[in-house]
2 protein chains.
Amino acid sequence: MSKYSRQREMILDALTGNRCHPTADWVYNHLKPDNPALSMGTVYRNLNFLVERGLVRKLSVPGEADRFDGQADTHMHFRCRQCGSLIDLKGEAAEEILDFARRFRDLTGLEMDPAGLVLEGRCEACSGDSPGNCS
Amino acid sequence: MSKYSRQREMILDALTGNRCHPTADWVYNHLKPDNPALSMGTVYRNLNFLVERGLVRKLSVPGEADRFDGQADTHMHFRCRQCGSLIDLKGEAAEEILDFARRFRDLTGLEMDPAGLVLEGRCEACSGDSPGNCS
DNA sequence: CTAATAACAGTAATCGTTACTATTATTCAA
DNA sequence: TTGAATAATAGTAACGATTACTGTTATTAG
Ligand SMILES: [Mn+2]
Ligand SMILES: [Mn+2]
Ligand SMILES: [Zn+2]
Ligand SMILES: [Zn+2]
């Protein structure tokens, strides 16, 4: 049985009110001013609690802190190795991934989980020879 | 300009002679008996050196230690969240991924890097209702 | 109102990895 | 062959992200 806490509500609000994908540290610093007693342990405990409840999704990025996503609807992500941006994959792009997942399962018998997927590579801005990308 | 070292050779051999995907810790413990003075720093330094040289590939797995792959040929990986096994994706499965990467680029403009890809989900043994999987 | 206990703040500990430093080994040319 | 130049090493300290512990506070149910 879980009990209400103001901190948990603040933490959830910080995520749902945001389109970005914050780290635990970001959430902590974001809420600290309005709640000077807040501690990191509380942030982590609640983020993990909310992930287990399915209200929040956790995204792991190699070499850096986990990111959390307050948008509960199933979608995937793309991370640009160059600029670090994390891009939501919805609509057609998401469908393409689901198609792939089906073909992949039929071919290999491996059931990949599209929900947690974070593809890595270069975003459009960082690819090609647009201004600012001259090596 | 890099110089020869016995340790570097041992570390590379430990990977190329192995079909599995060892962690730095595994490499360390594997070589320690034949080289009691070996230190973790040396293992990490050389693994990273070999990755930069393209002789070894580094695979990051959420929540656990990085794994290293001595098979230099481009292939992808699948990790089962349940049993933890890391499976090589070659041949048809790899082709399927490359096909997807092309369609995905055409659709989104995002250039994903198939080489470092580690898909996650459930392997064949852990899926379905085979013996030992009764919840 | 009170007892039971979930959640808290604060802090210590863990884990994988990197950084530092003094010593050792390799290289290359005198 | 010798020796200076310098990679690479072993050992240890530091690091960042996360979890675990502990005594206190807040929420809930009766
Ligand atoms: Mn998202
Ligand atoms: Mn492999
Ligand atoms: Zn980019
Ligand atoms: Zn499995």
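Below, chain A is the first sequence line, B the second, and so on; all start at residue 1.
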Atom-pair distance ([atom1] on [X]; [atom2] on [N]), nearest Å:
X: B:Arg8; N: C:dA25; atom1: CZ; atom2: C1'; answer: 13 Å
X: A:Arg53; N: C:dA6; atom1: CZ; atom2: C1'; answer: 12 Å
X: A:Tyr28; N: C:dC8; atom1: OH; atom2: P; answer: 14 Å
X: B:Lys32; N: D:dT9; atom1: NZ; atom2: P; answer: 14 Å
X: B:Glu52; N: C:dT18; atom1: CD; atom2: P; answer: 11 Å
X: B:Met1; N: D:dA8; atom1: CE; atom2: C1'; answer: 16 Å

Cluster membership besides B:Leu15, Ile/Leu/Val/Met/Phe/Trp/Tyr side chains within less than 4.5 angstrom, sorted by chain and number, is B:Met10, B:Ile11, B:Leu12, B:Trp26, B:Val27, B:Tyr28, B:Leu31, B:Leu38, B:Met40, B:Val43, B:Tyr44, B:Leu47, B:Phe49, B:Leu50, B:Val51, B:Leu55, B:Val56, B:Phe68
query = Think B:Gln7 has a side-chain N or O under 4.0 angstrom from the OP1 or OP2 of C:dA25?
reply = no
Taking A:Arg57 for its side chain and A:Ala72 for its backbone only, find out whether a donor-acceptor pair lies under 3.5 Å. yes
Write down the protein N/O and nucleotide N/O pairs, taken from nucleotides 27-30 of chain C, whose separation is under 3.5 Å; answer none if there are no such pairs.
from, atom 1, to, atom 2, distance (Å)
C:dT27, OP1, B:Tyr4, N, 3.3

message = Under 4.0 Å, counting only non-hydrogen atoms across every strand here, what does A:Arg6 touch: a base, just sugar-phosphate, or nothing?
response = nothing
Practice item. Evaluate the side-chain contact (heavy atoms from CB on, under 4.5 Å) criterion for residues B:Leu89 and B:His77: first the C-alpha distance (whole Å), next the side-chain angles of each, then the deciding distance (0.1 Å), finally the verdict. Key: CA-CA 5 Å; B:Leu89 301 174; B:His77 295 88; 5.6 Å; no
Q. Do A:Asp88 and A:His21 have a side chain donor and acceptor closer than 3.5 Å?
A. yes
Nucleotide by nucleotide, nucleotides 12-24 of chain D touches protein heavy atoms under 4.0 Å in the pattern (B base, S sugar-phosphate only, - none) -----SBB-----
Salt bridge (charged side-chain N to carboxylate O under 4.0 Å, His left out) pairs touching residues 28-55 of chain B, sequence neighbours excluded, are none
So the salt bridge (charged side-chain N to carboxylate O under 4.0 Å, His left out) pairs with at least one residue in residues 76-87 of chain B (sequence neighbours excluded) are A:Asp113-B:Arg81, B:Glu64-B:Arg79, B:Arg81-B:Glu120
Subject >> Ion pair A:Glu111/A:Arg105, N-O distance below 4.0 Å >> reply: yes
Considering only heavy side-chain atoms of B:Asn35, the closest of D:dA10, C:dA9, C:dC8 is D:dA10
side-chain contact (heavy atoms from CB on, under 4.5 Å) filter on A:Leu98, not counting sequence neighbours, yields A:Met76, A:Glu95, A:Arg102, A:Pro114
*More than 12 heavy atoms of other residues, nucleotides or ligands under 6.0 Å from CZ of A:Arg122: is that the case?*
no
